[in-house]
Protein chains: 2
Amino acid sequence: MFSQPAVRTDPIRYPVSTRTAPPAQSRASDDLSRGVNPLTRAMQMMGTAMSFPRNTEIFGENEPADYVYQVISGSVRTYKILNDGRRQVAGFYLPGDIFGLEFAEGHTFSAEAIADTKAILVKRSALMALATGNATISRELLAITGRELRRVQDHVLLLVKSAQERVVTFLLEMAERARAGITVELPMSRQDIADYLGLTIETVSRTLTGLESAAAIEVPTSRRIVLRNRSALRQLNG
Amino acid sequence: MFSQPAVRTDPIRYPVSTRTAPPAQSRASDDLSRGVNPLTRAMQMMGTAMSFPRNTEIFGENEPADYVYQVISGSVRTYKILNDGRRQVAGFYLPGDIFGLEFAEGHTFSAEAIADTKAILVKRSALMALATGNATISRELLAITGRELRRVQDHVLLLVKSAQERVVTFLLEMAERARAGITVELPMSRQDIADYLGLTIETVSRTLTGLESAAAIEVPTSRRIVLRNRSALRQLNG
DNA sequence: CGATGCGTTGATAACTTTCAAATTTAGTGG
DNA sequence: CCACTAAATTTGAAAGTTATCAACGCATCG
């Protein structure tokens with residue numbers, strides 16, 4: 001232990017002027033508004049859209065958790081650097097997903113844009129104030145937190161599986177979340193996947209190769225996975 | 001995979017008459033009331049105390065989540081049986097802890113008493129109704145869920161560590177939660193610990209023996225651990 | 001065209017599990 | 001309270017899985 005290199009990602013810090021004090025940019029009330037819940041609607045009313053280039057930090061661990069975020073386009077990873085220098089990815093957030101909501105002062109994890117990403121920011125205090133007078137919003141906040149809880153619980157269940165089961169579960173989950181057909185476009189690198197699954201990139205790579213040999217998937221490019229045999233995959237997912 | 005025996009614990013089902021429709025037993029408003037938060041006070045006002053003998057089921061996975069529970073005395077494990085028959089323990093709950101709060105219809109996990117346990121039950125619907133008209137209770141519910149979220153996030157971070165780190169982290173956490181001095185009384189078996197840490201009982205046992213050899217702990221009885229060298233343990237905990 | 005980053009593949013080492021058996025502890029009936 | 005039985009825990013040896021170290025291929029970008 002205490003063995004690995006300190007850092008493997010290189011988050012290019014976005015210029016501070018743009019990162020803090022979100023400027024009043026475009027109101028975002030476009031595609032994501034279709035028949036959504038009251039909270040999403042409220043966020044889009046109250047929020048400010050902001051862009052984050054690929055690999056830039058959105059917020060850092062322990063920074064004041066003053067804003068709540070919703071992904072409009074692109075994708076986001078949250079993570080923590082462990083004492084031994086390894087990085088643990090806590091979650092991936094795709095368009096429509098809400099992240100960064102905290103109940104303590106500071107953020108539990110850091111967040112970075114995986115690809116060029118647009119997100120809506122809403123002041124947490126504003127959201128909390130809104131919730132105080134509005135039982136619907138209040139319930140919705142509780143529901144979001146409940147879903148996040150469920151997601152993390154599933155992450156726990158993932159981490160006790162074998163390497164192959166972890167990779168398969170990940171692929172099936174990404175396919176479902178991205179509402180993909182049989183072809184999944186992965187926004188994240190092998191390193192991101194490995195750090196989410198608690199594996200090394202070599203193991204992830206070898207497992208994908210193995211699944212391809214078994215005709216369960218195809219990997220035409222490293223970021224594109226074709227699910228050739230979903231029922232076989234479901235068998236393998238533990 | 002798909003290899004292990006189906007069951008390793010043998011939950012003796014408590015007689016149905018006692019398990020369902022909580023009878024109006026003793027009001028529980030004793031030791032735990034000392035300067036606690038409004039939600040705990042509310043639960044103790046509204047709730048019904050109920051006893052669960054060791055190894056009995058408190059609720060089962062997917063059963064309607066109609067009640068929220070607070071441990072008075074004893075301790076509780078929540079868990080899920082995985083497809084391959086292994087059991088994953090999701091969490092341990094000690095006196096004062098709240099468990100069983102859900103945001104969907106059914107329970108995510110099963111819950112069992114580890115030792116003879118007394119708990120307060122409150123109808124979830126009553127709690128939710130109370131929260132609707134009371135911003136303080138509402139915030140408190142959100143805070144509880146936030147703490148549970150944090151706990152599960154920590155569990156994720158635990159599961160990517162080495163076996164020794166997992167065991168050490170577990171011991172330090174239990175010592176803190178039980179407000180123990182240097183001697184920790186573990187309410188749960190090696191199997192419970194192993195299933196929580198994602199290890200086998202053999203690995204847990206060997207690791208404890210190793211820590212004892214390294215003079216970091218003593219194990220006078222299997223359920224009693226003396227933390228002989230906390231700073232050494234903190235070094236080892238990753 | 002060379003540098004650079006990302007992904008894959010191979011060989012070996014480290015760690016954890018599995019299988020087996022011994023030992024200790026706890027529970028039960030007399 | 002003691003003896004007996006079952007359950008829990010510990011220990012050992014071997015096998016299996018994943019990590020580590022190293023090298024190579026491929027694509028991108030200046």
Side-chain angles (χ1 to χ4, degrees), chain A residues 1-5 7-12 54-55 82 84-88 114-115 158-168 186-195 197-213 217-225 236 238, chain B residues 1-5 7-12 53-55 82 84-87 114-116 158-167 186-195 197-213 217-225 236 238:
Chain A
M1 39 204 138
F2 302 101
S3 56
Q4 286 195 226
V7 174
R8 288 186 306 217
T9 52
D10 182 35
I12 305 146
R54 183 171 128 80
N55 284 333
L82 308 181
D84 61 359
R86 271 159 42 211
R87 182 185 68 161
Q88 178 61 38
I114 294 175
L158 179 69
L159 291 177
V160 299
K161 296 182 179 184
S162 73
Q164 187 179 64
E165 289 169 337
R166 295 186 213 187
V167 171
V168 168
L186 299 175
M188 70 291 285
S189 70
R190 293 285 184 273
Q191 188 67 65
D192 289 332
I193 298 172
D195 290 350
L197 299 181
L199 300 171
T200 61
I201 51 174
E202 292 95 331
T203 298
V204 171
S205 182
R206 273 187 253 271
T207 303
L208 288 172
T209 303
L211 291 171
E212 195 168 21
S213 305
I217 64 172
E218 277 171 52
V219 191
T221 77
S222 68
R223 298 291 182 102
R224 176 174 300 141
I225 311 277
L236 295 174
Chain B
M1 38 203 143
F2 301 102
S3 56
Q4 286 194 231
V7 172
R8 289 185 306 218
T9 53
D10 183 33
I12 304 146
R54 182 170 129 82
N55 285 333
L82 308 181
D84 61 0
R86 272 161 40 215
R87 181 185 69 163
I114 294 175
D116 291 351
L158 179 70
L159 291 177
V160 300
K161 296 182 179 183
S162 72
Q164 187 178 65
E165 289 169 337
R166 293 187 214 186
V167 171
L186 299 176
M188 70 291 285
S189 69
R190 293 284 183 273
Q191 188 67 65
D192 288 333
I193 298 172
D195 290 349
L197 299 180
L199 299 171
T200 60
I201 51 175
E202 292 96 331
T203 298
V204 171
S205 181
R206 274 186 254 270
T207 303
L208 289 171
T209 304
L211 291 170
E212 195 167 22
S213 306
I217 65 172
E218 277 171 52
V219 190
T221 77
S222 69
R223 299 290 182 102
R224 176 175 299 141
I225 312 276
L236 294 174

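Note that the structure is a prediction, hence the values are computed from the model and not measured. Chain identifiers are assigned alphabetically (A, B, ...) following the order of the sequence lines, protein sequences preceding nucleic acid strands; residue numbering begins at 1 within each chain.
- Rounded to a whole Å, the CE atom of A:Met188 is 15 Å from the P atom of C:dC6.
- If you measure from atom CD1 of B:Ile201 to atom P of D:dT9, you get 7 Å, rounded to the nearest angstrom.
- Taking the side chain as every heavy atom from C-beta outward, A:Val168 and A:Lys161 never approach each other to under 4.5 Å.
- Here C:dT9 presents its P atom at 10 Å from CG of A:Leu208, a figure rounded to the nearest Å.
- Among the atoms of the strands shown, only primed sugar atoms or phosphate atoms (P, OP1, OP2) are found under 4.0 Å from some heavy atom of A:Ser222.
- Listed nucleotides: D:dT10, D:dA22, D:dT9. Nearest to the side chain of B:Thr209: D:dT10.
- Across all strands, B:Thr221 comes closer than 4.0 Å to no nucleic acid atom at all (heavy-atom distances).
- Interatomic distance, A:Gln191 CD to A:Thr200 OG1, rounded to the nearest 0.5 Å: 8.5 Å.
- Atom-to-atom, CD1 of A:Ile193 to C1' of C:dT8 comes out at 14 Å; the value is rounded to the nearest Å.
- By the 4.5 Å heavy-atom criterion applied to side chains, A:Ser205 and A:Leu208 are not counted as neighbours.
- Between the CG atom of B:Asp192 and the P atom of D:dA8 there is a distance of 10 Å, given to the nearest Å.
- Using a 4.5 Å cut-off on side-chain heavy atoms (C-beta onward), B:Leu211 and B:Gln164 make contact.
- Counting only distance, with no hydrogens or angles, the side chain of A:Gln88 and the backbone of B:Val160 share no donor-acceptor pair below 3.5 Å.
- Atom CD of B:Glu212 and atom P of D:dT9 are 15 Å apart (whole Å).
- For A:Arg206 and D:dT20, a side-chain-to-base donor-acceptor distance below 3.5 Å is present, hydrogens and geometry of angles not being considered.
- Closest contact between the side chain of A:Glu202 and the listed nucleotides C:dT9, D:dT11, C:dT16 involves C:dT9.
- No engagement by B:Arg166 is indicated, since no non-hydrogen atom pair under 4.0 Å with the nucleic acid exists.
- Tested against A:Arg166 for a side chain to side chain contact (heavy atoms under 4.5 Å, CB included), the candidates A:Thr203, A:Val204, A:Leu197 yield a single pass: A:Leu197.
- Evaluation of atom-type donor-acceptor distances gives no pair under 3.5 Å for the side chain of B:Gln164 against the base of C:dC15.
- With the end axes of the helix from C:dC1-D:dG30 to C:dG30-D:dC1 each set by five pairs, the angle from one to the other reads 40° at 10° resolution.
- The separation between A:Arg223 atom CZ and C:dG5 atom C1' is 12 Å, rounded to whole Å.
- Between the B:Asp116 side chain and the B:Arg54 main chain, a donor and an acceptor come within less than 3.5 Å of each other.
- As rounded to whole Å, 15 Å separates atom P of C:dG7 from atom CG of A:Leu199.
- Between A:Thr203 and D:dA19 there is a side-chain N or O to OP1 or OP2 distance below 4.0 Å.
- Within 4.0 Å (heavy atoms only), A:Gly198 reaches sugar-phosphate atoms of the nucleic acid but no base atom.
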